[in-house]
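FYI, side chains are in, hydrogens and waters are out, and symmetry mates aren't considered; it's all heavy atoms of this structure. Every value quoted in this text rests on a predicted model; they were computed, and no experiment measured them. For ligands, and for the atoms within them, numbers begin at 1 and follow the listed sequence.
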Amino acid sequence: MAFLTWTDSMSVKIESIDKQHQKLIGMISDFYENIKTRSNNDNILKLVDGMKKYTLEHFRYEEKFMQQFNYPGYVEHKHEHDLFVTKVNALEEKYKSGKIIVSYEITSFLKDWITNHIQGVDKKYSDFLVKNGVE
Ligand code: FEO
């Protein structure tokens with residue numbers, strides 16, 4: 001069974017965002033597979049970098065619409081995004097400095113965070129953004 005799989009229950013009813021979430025989930029699963037098969041360090045760091053970049057792009061995409069339509073939960077949502085970025089940067093530094101030998105700590109964190117975030121705060125904006133025409 002895959003480490004993490006996107007399911008319909010994760011849908012925020014906005015196709016562009018569902019696609020981004022699917023891509024993120026795929027990247028996290030790929031990362032996990034690389035950890036499991038003890039891929040080399042450079043490869044792991046490249047995957048982390050790719051995930052960070054794509055996640056930031058995704059966050060900016062959601063935040064752009066929330067701001068554009070004055071979504072009432074914007075500040076709380078943005079705060080969650082910012083905390084995530086801070087935490088991932090800290091984990092990456094720990095990994096680089098050898099404080100985490102195996103990065104299962106990172107994969108577990110990513111899996112739990114993305115699942116809870118999509119099912120929680122992301123779903124909260126769904127109706128609001130759909131009503132404002134976001135597809
Ligand atoms: Fe889909 Fe708020 O991240």
Side-chain angles (χ1 to χ4, degrees):
M1 201 175 131
F3 176 68
L4 180 59
T5 315
W6 191 88
T7 62
D8 286 348
S9 69
M10 289 177 168
S11 175
V12 295
K13 316 285 183 220
I14 297 167
E15 197 185 348
S16 59
I17 295 180
D18 280 349
K19 280 195 176 143
Q20 290 173 15
H21 287 156
Q22 285 161 11
K23 181 163 175 174
L24 275 173
I25 283 169
M27 290 173 108
I28 294 170
S29 292
D30 192 27
F31 178 63
Y32 173 78
E33 287 304 319
N34 275 270
I35 300 282
K36 210 169 75 173
T37 55
R38 299 179 188 276
S39 185
N40 71 59
N41 220 32
D42 285 352
N43 204 19
I44 297 288
L45 287 172
K46 226 181 271 174
L47 288 170
V48 170
D49 197 50
M51 275 192 293
K52 269 175 57 178
K53 283 185 181 138
Y54 190 72
T55 305
L56 281 177
E57 214 176 283
H58 168 65
F59 287 170
R60 297 296 92 92
Y61 186 84
E62 285 184 351
E63 289 164 13
K64 179 189 72 180
F65 288 123
M66 287 189 254
Q67 280 186 300
Q68 185 179 343
F69 300 114
N70 290 317
Y71 174 59
Y74 169 73
V75 173
E76 179 207 350
H77 200 132
K78 168 107 172 64
H79 183 63
E80 278 224 14
H81 286 171
D82 291 347
L83 282 178
F84 176 80
V85 173
T86 304
K87 172 83 177 171
V88 169
N89 283 334
L91 283 171
E92 187 184 20
E93 284 314 307
K94 265 171 92 178
Y95 181 73
K96 278 183 181 165
S97 63
K99 287 182 188 136
I100 311 176
I101 308 294
V102 183
S103 355
Y104 284 118
E105 185 183 342
I106 305 179
T107 49
S108 298
F109 167 74
L110 292 173
K111 179 183 179 178
D112 293 345
W113 192 89
I114 195 86
T115 307
N116 293 331
H117 185 79
I118 293 173
Q119 307 271 24
V121 288
D122 276 0
K123 278 200 167 182
K124 280 192 199 165
Y125 65 51
S126 178
D127 287 348
F128 181 87
L129 292 187
V130 169
K131 269 184 211 150
N132 279 287
V134 181
E135 301 179 328

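Within 6.0 Å of atom NZ in Lys64, more than 12 heavy atoms from other residues, nucleotides or ligands are found, so the atom counts as buried in its surroundings.
Atom 2 (Fe) of ligand 1 has His77 among its coordinating residues (N/O/S atom, backbone or side chain, under 2.8 Å). Checking Glu80 against atom 2 (Fe) of ligand 1, every N/O/S atom stays at or beyond the 2.8 Å cut-off. Backbone or side-chain N, O or S atoms of His117 do not reach atom 1 (Fe) of ligand 1 at under 2.8 Å.
Here His81 contributes NE2 and Glu62 contributes OE1, and at atom 2 (Fe) of ligand 1 these two atoms make an angle of 90°, given to 10°.
Checked options Val134, Ile14, Asn132; the residue passing with Phe65 is Val134 (criterion: side chain to side chain contact (heavy atoms under 4.5 Å, CB included)).
A cation-pi arrangement, defined by a distance under 6.0 Å to the six-membered ring centre and an angle within 45 degrees of its axis, is absent between Lys111 and Tyr32.
A parallel orientation is assigned to the rings of Phe59 and His81, their planes being inclined by less than 30° (bins at 30° and 60°).
Closest approach between atom 2 (Fe) of ligand 1 and any N/O/S atom of Asp122 involves OD1.
Side-chain contact of Tyr125 with Glu62: a donor-acceptor pair under 3.5 Å is present, judged by distance alone.
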